[in-house]
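Below, each value reflects all heavy atoms present in this structure, side chains not excepted, and no hydrogens, waters or symmetry copies. Because the structure is a prediction, the values reported are computed rather than measured.
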Amino acid sequence: MLKRKIALAMAGLMAVSAFPMNVMAEENGDKVNLTVMCAYASEDPHGQYVYQYADKFMEENPNVNIEIQAVSSNDIYTKLAAMATSPDDLPTLFFTSADQAPTLYDLGLMEDLEGYLDDETLGAFANGVVDACTYDDTMAFYPIDVQPLAMLYRTDRFEEKGLEVPKTWDEFLECAKALTEDSDGDGEVDQWGFSMVGSNNSSGQSRFMSYLWSNGCNLVTDNDGEWVADLGDNFTDLLKFWTDMNNEYGVVPTGITEVDYATAANYFAMGYTSMMLTGSNAIGVAYANNEELKGKIGSFPIPGDAAGTMLNAEGYALCSSASDEQKTAAVDFLKFFTNNDSDLMFWQSSGKIPATTEAQKAEYITGDDYKGYLQTIENGCIAPTTFAGISGLKSLLGDAYSSVFSGEATNEEAADTFASELDNLLEDYN
């Protein structure tokens, strides 16, 4: 069963090259060694604070040694799935998020954190955050931030064009068309309305999935303990609308299949695009790359009649194979991470929204740039998925839109292939 689950998890994630991994720390005298596989550490500008917080913790706890291993979020899940059969190679803590945690939880990699956290610690988290980290009554990971998706936009350009914030996807497309132009008059489009993430990886797949959710397409549903497809009657039309933004209307940057999150965020920061479906972390990227954008960025909830995003808690899971000493020290570090910096520089520099109630009152998240994210949280996010095959589902979604973008399939062909492959995936998990 474990080998089958690992194979399924691997199938839903990109193949990546191997990297040198230190053996999980063992106690060496009085030292407790912790390894942290961290996606935050590989990102700018906030990655520096992960190292700073670890150094500060080690200064105050000289019996603990922390090694940060910077690995991109799109690679972590493949690496962990590949290491699942070799517990001695696993890190003590590893980054995870609400949309990927079910797969890793299903592999048995996550320790239940609730037994390590007192009522005061649990009570400090904002409404819904602990639930977003919980599967089968198990608190699978420790929340550092929440990342509901919303739409960033250039308020100054909306004003210049006389545009209003769109409430529907049809209105969104009209805004994107109006914001796509040849800004320097050389005969070529150099400014696009929508900074779409079109790459076939977790970042692109998650955004497409949230777009589908916002249109009432649930994808899968738990029917009395059995997972069934729930595509509705308009999946092909929804796929066509998404791919037409590139293939028909040209409101997204050229070379869309190569536009990953980092590229899309930089396009927005440099003014090549005017809207982006993203977590609030893109605000941090925008300001770090272009301070002139301050006061020119707003956000609004994802268009559509249905909630299109999970609360998307992110944080660290405690590996179930760690020793008791490591688990205790690791939890102390997690609590320290969220409480040691009164200036919240990790969150402020990254644009991420803190997971605790008190930190969400910080002044930096009270402006128009965060307005849509806070409104999304207030309106209510969809419940975190518990489908263990979520990685495979996302991979199928990515294959669908990528095949249409590249011209390898029509929307109808891609939709039919997706539906067939989804049925096969559900059989594996029922």
Side-chain angles (χ1 to χ4, degrees), residues 11-15 74 149 166 168-177 179-180 189 192-221 227-261 263-264 267 273 275-277 302-306 308 387 389-428:
L13 300 164
M14 293 189 306
N74 288 324
L149 294 181
T168 69
W169 280 101
D170 286 336
E171 292 175 356
F172 174 86
L173 178 58
E174 293 307 309
C175 288
K177 290 178 180 178
L179 293 163
T180 299
V189 171
W192 295 270
F194 181 30
S195 209
M196 177 187 283
V197 179
S199 55
N200 188 3
N201 60 16
S202 182
S203 295
Q205 297 156 7
S206 295
R207 285 163 172 77
F208 180 55
M209 185 165 61
S210 289
Y211 154 76
L212 294 172
W213 284 339
S214 72
N215 283 284
C217 180
N218 297 320
L219 295 171
V220 296
T221 298
W227 291 104
V228 297
D230 188 7
L231 303 181
D233 58 3
N234 63 340
F235 179 82
T236 303
D237 292 338
L238 294 176
L239 175 62
K240 184 177 187 301
F241 184 95
W242 190 258
T243 57
D244 275 357
M245 284 194 275
N246 176 75
N247 294 7
E248 178 71 19
Y249 302 112
V251 297
V252 303
T254 55
I256 190 61
T257 57
E258 302 300 319
V259 179
D260 57 11
Y261 164 74
T263 303
Y267 281 165
T273 57
M275 294 186 290
M276 182 178 179
L277 178 58
I302 298 176
D305 295 329
F387 177 47
I390 184 66
S391 295
L393 170 60
K394 289 171 61 176
S395 181
L396 295 179
L397 289 171
D399 290 345
Y401 64 70
S402 292
S403 66
V404 180
F405 283 149
S406 65
E408 297 175 8
T410 65
N411 286 287
E412 291 75 14
E413 290 168 343
D416 288 344
T417 299
F418 172 79
S420 176
E421 292 297 327
L422 177 58
D423 286 341
N424 292 335
L425 179 69
L426 293 174
E427 285 183 10
D428 289 330

(message) Taking ring pair (Phe, Tyr, Trp, His ring centres under 6.0 Å) as the definition, give me every residue that meets it alongside F235, ordered by chain and number, with sequence neighbours left out.
(response)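 With sequence neighbours excluded, F235 shows a ring pair (Phe, Tyr, Trp, His ring centres under 6.0 Å) to F418, given in chain and number order.
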(request) Identify the heavy atoms of I302 and G308 that sit nearest to each other, and give their distance. (result)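 Shortest heavy-atom contact: CD1-O, 3.6 Å.
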(message) How close do S206 and K394 get, counting heavy atoms only, and between which atoms?
(response)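 Looking at all heavy atoms of both residues, the shortest contact is OG-NZ, 2.7 Å.
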(message) Is there a side chain to side chain contact (heavy atoms under 4.5 Å, CB included) between I390 and M209? Walk through the geometry before answering.
(response) CA-CA 11 Å; I390 184 66; M209 185 165 61; 3.9 Å; yes
Donor-acceptor pairs under 3.5 Å, side chain of residues 212-220 to any protein atom, not counting sequence neighbours: which ones?
unit_1 : atom_1 : unit_2 : atom_2 : d
S214   : OG     : W169   : NE1    : 2.9
S214   : OG     : Y211   : O      : 2.6
S214   : OG     : P303   : O      : 3.4
N215   : ND2    : Y211   : O      : 2.9
N218   : ND2    : D230   : OD2    : 2.9

(message) As a quick check of understanding, evaluate side chain to side chain contact (heavy atoms under 4.5 Å, CB included) for S195 and M275, giving each step before the final call.
(response) CA-CA 6 Å; S195 209; M275 294 186 290; over 6 Å; no
(message) Is it the case that atom CG in D305 sees more than 12 heavy atoms from other parts of the structure closer than 6.0 Å?
(response)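 Open: at most 12 neighbouring heavy atoms sit under 6.0 Å from CG of D305.
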(request) Determine whether more than 12 heavy atoms belonging to other residues, nucleotides or ligands lie under 6.0 Å from atom CG of D233. (result)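 At most 12 heavy atoms, drawn from other residues, nucleotides or ligands, come within 6.0 Å of this atom.
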Short question: side chain of [X], backbone of [Y] - any donor-acceptor pair under 3.5 Å?
X	Y	answer
T236	A415	no
S403	A409	no
Y267	W192	no
R207	M196	no

(message) Holding to side chain to side chain contact (heavy atoms under 4.5 Å, CB included), I want the full list of residues that pass it with D260, two or more places apart in sequence or in another chain.
(response)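 Checked D260 against side chain to side chain contact (heavy atoms under 4.5 Å, CB included); matches are S199, N201, A262, T263.
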(request) For side chain to side chain contact (heavy atoms under 4.5 Å, CB included), just list the numbers for D170 and F241, CA-CA rounded to whole Å, side-chain angles, deciding distance to a tenth of an Å, and then say yes or no. (result) CA-CA 9 Å; D170 286 336; F241 184 95; 3.6 Å; yes
(request) Give every residue pair that meets the salt bridge (Lys or Arg N to Asp or Glu O under 4.0 Å) criterion with at least one member in residues 408-420, sequence neighbours excluded. (result)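 Qualifying pairs, neighbours excluded: none.
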Would you tabulate the side-chain donor-acceptor contacts of residues 242-255 under 3.5 Å, counting partners in other chains and residues two or more places apart, or write 'none'?
unit_1 : atom_1 : unit_2 : atom_2 : d
T243   : OG1    : L239   : O      : 3.1
T243   : OG1    : K240   : O      : 3.3
T243   : OG1    : N411   : OD1    : 2.8
D244   : OD2    : K240   : NZ     : 2.6
N247   : ND2    : V404   : O      : 3.1

(message) Going by the rule salt bridge (charged side-chain N to carboxylate O under 4.0 Å, His left out), which residues pair with E174 if we only count those two or more places apart in sequence or in a different chain?
(response)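 E174: salt bridge (charged side-chain N to carboxylate O under 4.0 Å, His left out) contacts with K177.
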(request) Decide yes or no on side chain to side chain contact (heavy atoms under 4.5 Å, CB included) for V197 and M276, but give the supporting numbers first. (result) CA-CA 8 Å; V197 179; M276 182 178 179; 4.3 Å; yes
